[in-house]
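One structure is given here, and the rest of the page talks about it.
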Amino acid sequence: MQALTRPSDYVDASSSQSEPDAPINAPKLGFVGALRFAWRQLTSMRTALLLLLLLAIAAVPGSLVPQRSSDPNGVIQYFRDNPDLAPFLDKIQMFDVYSSPWFSAIYLLLFVSLIGCIIPRTKHHYQAMRQRPPRTPARLGRLAVHREQELVGGSTGEAIEAARTLLKKSGYRTEIYTGRNGEVSVSAERGYLRETGNLVFHSAMVLILVAVGFGGGFGYAGQKVIVEGQSVVNTVGDFNSFNPGRFLNTESLAPYLLKLDKFDVEYETKNINAYGQAIDYTAHVTSRTPDGKTEKHEIKVNEPLRIDGTNVYLLGNGYAPKVTVRDPEGKVVFTDSIPFLPMDTSLTSQGVIKIPDGLAEQIGMIGFFYPTAAQLTSGAFTSNYPDLVYPMLTLNVYSGDLGINDGAPKSVYSLDTDKMTEIAGRTIAKDGGTAPIKLMPGQTEALPNGLGTITFDDARTTIKPDDFSGSVARFASLDIHRDPTQIWVGLFAVLILLGLLTSLFIPRRRVWIKATERPDGRVLMEYAGLARGEDPGLREAVDNIAERHIRSLGAVPEEAREGNVEA
Amino acid sequence: MTLDLFSVWALWSAIALYAISFVAFSFDLARRSAEVTAAADRAAEEASAQAAGSEGGMLANAAAGSRGGRAAGGTLTLEENHAGSVTASRSISLRIGVSLAVLGFLVHLAAVITRGVAAERVPWANMYEFAMTGTAVIVAVFLIALTRVDLRFLGAFIMGLIVILLGLASLNFYIEVAPLPPALQSAWLVIHVFVATTGTGFFFLGFALTALQLIQARREAAGTALTAKRFRFMATLPSSQRLDNLSYRVNIIGFILWTFTLIAGAIWAEAAWGRYWGWDVKEVWTFIIWVIYAGYIHARATRGWRGNRAAWLSMIGAATVLFNFTVVNLFFKGLHAYSGL
Ligand code: HEM
């Protein structure tokens, strides 16, 4: 019977004793027999265990090597640092471990094994729940936990009826049996919930995997960098990058608009040890839904905005200096706020400005922005505070071919200078060339070679000479996600936890109470218990029941007269 | 004196108290070894005295050997089968050890609390604070366990490791109080990290029990002669089966807390990073630990794996927990860059 309920190599009361330790081997298997054998192997405890351990080992390499999914730049860097090793690692999918066929194979096998384990157990558990508690063993004295007491007077029937009431009250399912020699007994079992919990736990794991699979297929994630005053519309075309699930209908996105009104940052100023550390980011946004309704919201790092079935997360921020470029006649050829990527905690930031049209040559600029500029002894600048105390923008200027005319997509954050010449910059300045352009908000400088002028626009409407706060706009990078199954994953996770708690802490046990009438008229009461699964409290429970029972009959319990265990 | 400074002083005082407690516990173990030797001598004497008479008595066996064996029908709760054991007498050093551990814990707790008050937040937001609070939880779990089960024989083991951990953390991880970065400002910091730390405390206790279990199992396998040279005090400790049951109970509590940690971490990651699971380095290792302990639980229910093999899995699990806290925090690059170093 046990072999049906649980894998054949499950250690349990009966199986561990009666069955040999060797795997079940049936000689001369037919094809079906071979299949059945393979299936039994796959759904055995040993296989499940090995697959679990294999899964743990297989998860390790993904933490040693950067992964494309979580750290794409790290992968690029890794290729650069290990040009010989990286291509080989890439071949065995070391940069995509968690979506690789070999990793998937392990967990899929594990889950097949799991399903093969759950189904028969569920069936059996269902039957077990409808069965009557088993017949009372003839000799209770052979059980692990056993005690007896003699009663003077009273009848066996009465005693057992009282025992039954008591056990029922304690949550046992009971059945009364009469033995061959007229002894009456009650057989009781409790803790079916243990197995239920175990099955819920294992099933919830399968369900989580299914939900995760579906969620990935029907959801999407879009990233957008927005500067204060700008907005994003939740449509595929408006994102900087967009990752749709395989089954996503891209027409189905809720077309709301989010405008970044203001981005606030709070810095630590009291604690000297952490001076200038950011302690709060708040993106103030206004949403407008297609029905024309507008609403104000705040988004913080741990407080995403939940809107129209999507979640909007604040994942990054920085400065977006606004520059305007004019040709020698003063005609504006370019004006925009450019998000600069922060490079350190004081927000020294780097950005790229490309001017493909309107000037005599194509121009590219690599800019550095220092919210609070300070000059190092080497002459280079750095920022020593993240807020706008003494903002400065420096630009290295390149002219030539930007390489964007061939239509290949180019990152807005990088400049390919292969076909360009540096016409202003620190390196060429050493050899007598033009120094980098240096600008503070509101200032204008000439571009080299008489190409025109560039202005670092001040974002403020009223300008105070010694206070630069607000002079440069900030940007926020927002992620908009939809994951329709996220809530299911959460629900199954809770089931996992509840199932685990019930299955590990609810004891499943059988208790028997037997009354035998002695020739001298006395009644011998026997109490015995058997654990099904881990059950450290069995002895205590049997003692407790025995004592309550004896007291309920109006007798005084003797000191535990135990069975064979403490003999 | 600032609160933070007070906290540092309190922590060093706690380390000192724990160290003395460690000495007292070690003294107790030495005493146990001596008693075992004495019992062995007595047994030998009596055996030679009776030599002519009968088969000779394994007297020591009778001392506390409750010989259960497997009862009919069997049960997963392994029964005591503890031959060759000696009941240790009561000892003052043991009581000193426990008292000093309690005192040390109170001072330790004061250090944790003042650190939290100084920082105006929960005191577990960087490596130094994780170590400080985590070790306090380990000691608390140990002391609370003592009220229910006599695990005092673990004292030397626990105190020794706590002294090493706290010493290393104080010397290498100390940083001054700093406010929380926005990513850590969440109720989940309080819950997720605290539960993770508590889970670690249980795994740690399970580790100590398992280590003893493995030693005990070797001793038992080598026969139960009391004259064995090494680890004589082991004869006064519970049988390997009982240690196995104890460590299992401790480990499954750890496992449940770890499961909760995993789930709570995913909920937090969803709010902070926009996805509940992204195979970030720390997520990977939390997962690995979880899977290893799931393996351990399975191993204990798998024929051929019970006992020593399962115990080794529990040891590997504990090693990964330690690895996760130290190497992963310090050297692996990921989103969980909160070591503060
Ligand atoms: C997806 C991988 C799996 C994980 C993470 C896992 C995890 C666990 C955990 C944590 C427990 C202890 C809690 C409880 O008793 O409910 C457990 C118990 C159990 N699992 Fe799994 N399991 C997995 C797959 C399997 C498979 C494939 C089988 C069948 C071959 C299986 C059979 C069992 C059995 C029989 C128990 C009860 C053990 C006992 O009574 O101590 N599990 N599992």
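In the text below, chain A, chain B and the rest are named by the order of the sequence lines, each starting its count at 1.
- For a residue to count as touching a neighbouring chain, one of its non-hydrogen atoms must lie under 4.5 Å from one of that chain's; by this rule B:Ile289 does not touch chain A.
- Taking 4.5 Å as the limit, every side-chain heavy atom of A:Val97 sits out of range of all side-chain heavy atoms of B:Trp279.
- Residue B:Ile316 holds its CD1 atom at 8.0 Å from CD1 of A:Ile57, rounded to the nearest 0.5 Å.
- Both the backbone and the side chain of B:Phe260 come within contact range of chain A, judged by heavy atoms closer than 4.5 Å.
- Contact of A:Val489 with chain B is made through the side chain alone, with heavy-atom distances under 4.5 Å.
- Contact tally against chain B (heavy-atom pairs below 4.5 Å) for A:Leu501, A:Val212, A:Leu500: the top residue is A:Leu500.
- From A:Phe505, atom CZ reaches atom CD1 of B:Ile253 across 5.0 Å, with rounding to the nearest 0.5 Å.
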Pair A:Asp479-B:Trp273, side chain to side chain contact (heavy atoms under 4.5 Å, CB included): steps then yes or no: CA-CA 9 Å; A:Asp479 267 36; B:Trp273 300 325; over 6 Å; no
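- A salt bridge links B:Glu270 to A:Arg306: one of the charged nitrogens lies within less than 4.0 Å of a carboxylate oxygen.
- Inter-residue side-chain proximity for A:Val301 and B:Gln185 is flagged as unmet; no heavy-atom pair is nearer than 4.5 Å.
- Side chain of B:His298 to main chain of A:Ala48: no donor-acceptor pair is present (N/O by atom type, distance under 3.5 Å, no hydrogens or angles).
- To the nearest 0.5 Å, atom CG of residue A:Asp535 and atom CG of residue B:Asn245 are 11.0 Å apart.
- Contact of A:Leu50 with chain B is made through the side chain alone, with heavy-atom distances under 4.5 Å.
- The contact between B:Ile256 and chain A is made by backbone and side chain atoms together, counting heavy-atom distances below 4.5 Å.
- Contacts of B:Trp305 with chain A are made by side-chain atoms alone, with heavy-atom separations under 4.5 Å and no backbone atom involved.
- Only the side chain of B:Trp290 comes within less than 4.5 Å of a heavy atom in chain A; its backbone stays farther off.
- Both the backbone and the side chain of A:Ile279 come within contact range of chain B, each with at least one heavy atom under 4.5 Å from a heavy atom of that chain.
- At least one donor-acceptor pair under 3.5 Å links the side chain of A:Gln277 to the backbone N or O of B:Pro179.
- No more than 12 heavy-atom neighbours from other residues, nucleotides or ligands sit within 6.0 angstrom of CD1 on A:Ile487.
- Between the CG atom of A:Leu49 and the CG atom of B:Leu313 there is a distance of 6.5 Å, given to the nearest 0.5 Å.
- Side-chain contact annotation: B:Trp285 with A:Ser63, donor-acceptor N/O pair under 3.5 Å present.
- Between the side chains of A:Asn302 and B:Trp188, not a single donor N or O lies within less than 3.5 Å of an accepting N or O.
- Aromatic rings from B:Trp277 and A:Tyr98 are positioned such that their centres are separated by 6.0 Å or more.
- Residue contact with chain B, scored on non-hydrogen atoms closer than 4.5 Å, involves the side chain of A:Ile496 exclusively.
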